[in-house]
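Single-structure report; data block below.
All heavy atoms count here, side chains included; hydrogens, waters and symmetry mates do not. Naming convention: chains lettered A, B, ... in sequence-line order (proteins, then strands); numbering from 1 in each chain.
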Amino acid sequence: MHVPDGFLDAPTSIATGAVAVVAVGVALRGARRELDDKTAPLAGLVAAFVFATQMLNFPVGAGTSGHLMGGALAAVLVGPWTGVLCVSVVLIVQSLLFADGGITALGTNILLMAVTTVVVGWFVSRVLIKLLPKRVGLVAPAAAIGAFVSVPAAASVFTALYAIGGTADISLTTLATAMLGWHTLIGLGEGVITFLAVGAILSVRPDLVYAARGVIAERDLVIKAKEAVA
Amino acid sequence: MPAHLKVLALVGFMLVVVATPREWFAAYAFFLAALVTVGAVGRVRPGWVLKRMLVETPFVVFAVLMPFISHGPRVEVLGLSLSESGLLSAWGLLAKGTLGVIAGLLLAATTTPQELVHGLERLRLPQQLVQIMAFMVRYLEVVTDEMRRMAVARASRGFVARNPLHWPVLARSVGALFIRSFERGERVHLAMVSRGYTGRMPR
C-alpha cells in the first residue's frame, strides 16, 4: 500500500525525499556493475515486469486477495542495485501517471518499498545462501525468507518515520502493533509467492537468477551415462 | 504547458497542501477550487478522474478507522463515541490525500507518458534513470498484454484462482513473465546496438 500525500508532515517528506535521492544515486552507480551497458533496456523491462506482477491478484480466501510487492523478488532476480532502480522507477511512474502514492510522499515510498524491501530482502537471502550448503534447491527458500523479513522491516521503518513526522493522532504502540502484526501476515504471503516464483525460474533458467550465480558457478558439470538417463 | 513545469507545479502545490494546518478549513476549499479550475481549463472529464480515484480506497478505510482508535477527549456523533482529535486527523488525512490524488490525476490526464519522460529529463533526472523509465513506459503495455494472454490461457484451461492452494500456478506465471520480460530486454538491447545505439536516445 502506497503512502499518500499528507500522511507525514512536510519536513519529514522532504527529508525522506533527500534520502531517496541519495539512495537512488548510489544504486545508479552500483547497477553499472550488475548489468553493464545493457542497463537501460533490461532494467526498463524488469521494471515493467514488477509493475505487471503487482497487478496480479493472489486470492487469500473469503473474497479478498493481495498482490506481490516484489522488492525482494526483484533483488534476488536482478541484483540489489538494479532492484532498487527498477522498483523506484515503478513507484515514480505509479505516482505520476496513476496517482498511486502521493507526489510529496514519493521519497517515503521509495525509501520504504524500493530501498528497504530490496536491501533487506537481498541482505537476508544473501547471508542465507552463503551459510547454507551450496545447492541450487536452497536458493528459493533463502529468497522466501528474505522476502518474508523485508515486509515487516518496511513496516517498522514506516512506524519510525511516523514517530518523527506523523500527522494523525494515534498512539505509537497501537500503530506499531497493528503495522507489524498485519505486515507479518502480508510478509508470509510475499515469502510464499517469492519462493514459488524463484523456484519456477530456477528450474527453467537458473542462469537468470542473480542470487544463484555463485551457487551455479560452483556446480560441476555431470555427464550421466546413457543407461542412467533411460 | 510543458510537462516539466506541470511536475514542478504539482510538487509545489502538494507541498503547500501538506504544510497547511488541518484546522484551516477555508484553505482546503480554496485548494479544491484551484484544482477544479485547472481541470476545467485542461478539459479533463470529471468522470475519468472520479473512476481513477478508487486507488485511494484502502487509505480511506484507514482514515475512517481513525476516530475509533485515537485517544483524547471524545464526542458523541450519531450515538458513537468518537475521539475528537481522531476526527480531526481523519479529516486532515482525507483532505490532503484526496487533493493529492486529484492533483496527480490531473497531471496524468493532461500529459502523455512520453511527454512526462521528456519533462523529467529536462528536470535533470539522471540520464540512466530517465532511460529506464522510457523503456518501462514503452514496454508496459507489451508486458501487461503478455500477462493478460497468460491469464486467458489459464482461464481457457478452466483455471479459476480461489484460494492459496492455487498460488503455485500463479507464481509459475510470474516466473514465466519474468523470463519473457528479461529475454525481451536482451533482444531489444541487441537490436538497438545493431542499429547503432550507444547508450543515449537520439532526439
Side-chain angles (χ1 to χ4, degrees), chain A residues 1 4-7 9-10 13-14 24-25 28 31 37-49 51-53 55-61 68 77 85-86 89-90 92-93 95-100 102-104 167-171 174 192-193 196-201 204-205 208, chain B residues 10-11 14-15 17-19 52 55 58-59 66 69-72 85-86 89 92-93 96-97 100-101 104-105 107-108 113 116 126 128-129 131-137 139-140 143-144 147 161-164 166-168 170-172 174-175 177-179 181-182 184-186 188-189 192 199:
Chain A
M1 194 164 98
D5 284 306
F7 213 91
D9 61 11
S13 301
I14 293 172
V24 171
L28 272 172
D37 61 331
K38 286 187 284 191
T39 310
L42 267 181
L45 262 301
V46 173
F49 157 76
F51 185 92
T53 336
M55 299 194 325
L56 187 64
N57 277 319
F58 285 79
V60 181
L68 201 63
L77 292 179
L85 287 185
C86 291
V89 167
V90 169
I92 297 173
V93 169
S95 168
L96 287 175
L97 288 179
F98 298 89
D100 199 2
I103 181 82
T104 56
T167 54
D169 181 31
I170 332 173
S171 79
T174 320
V192 172
I193 299 168
L196 294 167
V198 172
I201 297 165
V204 186
R205 287 288 304 268
L208 290 192
Chain B
L10 175 67
V11 174
M14 282 323 295
L15 275 179
V17 170
V18 171
R52 280 161 185 78
V55 293
F59 164 66
M66 291 291 299
I69 53 178
S70 282
H71 38 68
S85 62
S89 307
L93 285 182
K96 290 176 182 181
V101 172
L105 284 173
L107 171 79
L116 186 73
Q128 255 188 318
L129 207 61
Q131 284 212 24
I132 296 176
M133 201 178 301
F135 278 105
M136 174 192 166
V137 164
Y139 285 96
L140 196 56
V143 174
T144 45
M147 197 176 69
R162 264 188 230 95
N163 55 50
H166 297 137
W167 284 10
L170 295 171
R172 268 195 287 277
V174 171
L177 189 67
F178 171 73
I179 294 172
S181 306
F182 197 93
R184 189 186 295 277
E186 282 176 329
V188 167
H189 173 71
M192 290 177 67

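Taking all atoms of both residues into account, the shortest heavy-atom contact from P41(A) to G185(B) is CB-O, 4.0 Å.
With a threshold of 4.5 angstrom between heavy atoms, F49(A) approaches chain B through its backbone and through its side chain. Contacts between M147(B) and chain A at a heavy-atom distance below 4.5 Å involve the side chain alone, from C-beta outward. Heavy-atom distances place both the backbone and the side chain of V90(A) under 4.5 Å from chain B.
Between the CG atom of L42(A) and the CD1 atom of I132(B) there is a distance of 10.0 Å, given to the nearest 0.5 Å. For the atom pair L105(B) CG and L97(A) CG, the distance stands at 10.5 Å (nearest 0.5 Å). Annotation: the span from L45(A) atom CG to R184(B) atom CZ amounts to 7.0 Å, rounded to 0.5 Å. Rounded to the nearest 0.5 Å, atoms CE (M136(B)) and CD1 (I92(A)) are 10.0 Å apart. Taking CD1 of I193(A) as the start and CH2 of W167(B) as the end, the distance is 4.5 Å to the nearest 0.5 Å. Note that the OG1 atom of T104(A) and the NZ atom of K96(B) stand 9.5 Å from one another [nearest 0.5 Å].
Contact of the V46(A) side chain with the F182(B) side chain is registered, since non-hydrogen atoms from C-beta on lie closer than 4.5 Å. You'll find the side chain of L15(B) reaches within 4.5 Å of the side chain of I14(A), heavy atoms only.
Between chain A and the residues T144(B), V188(B), V101(B), L140(B), the largest count of heavy-atom pairs under 4.5 Å involves L140(B). In terms of heavy-atom pairs under 4.5 Å with chain B, the best-connected choice from T53(A), L77(A), D100(A), V93(A) is L77(A). Considering only heavy-atom pairs separated by less than 4.5 Å from chain A, the leading option among L10(B), V137(B), V11(B) is L10(B). Ranked by heavy-atom pairs under 4.5 Å with chain A, the list A171(B), A108(B), G175(B) is led by A171(B). Most heavy-atom pairs under 4.5 Å with chain B: of the set A197(A), S13(A), S95(A), C86(A), this distinction falls to A197(A).
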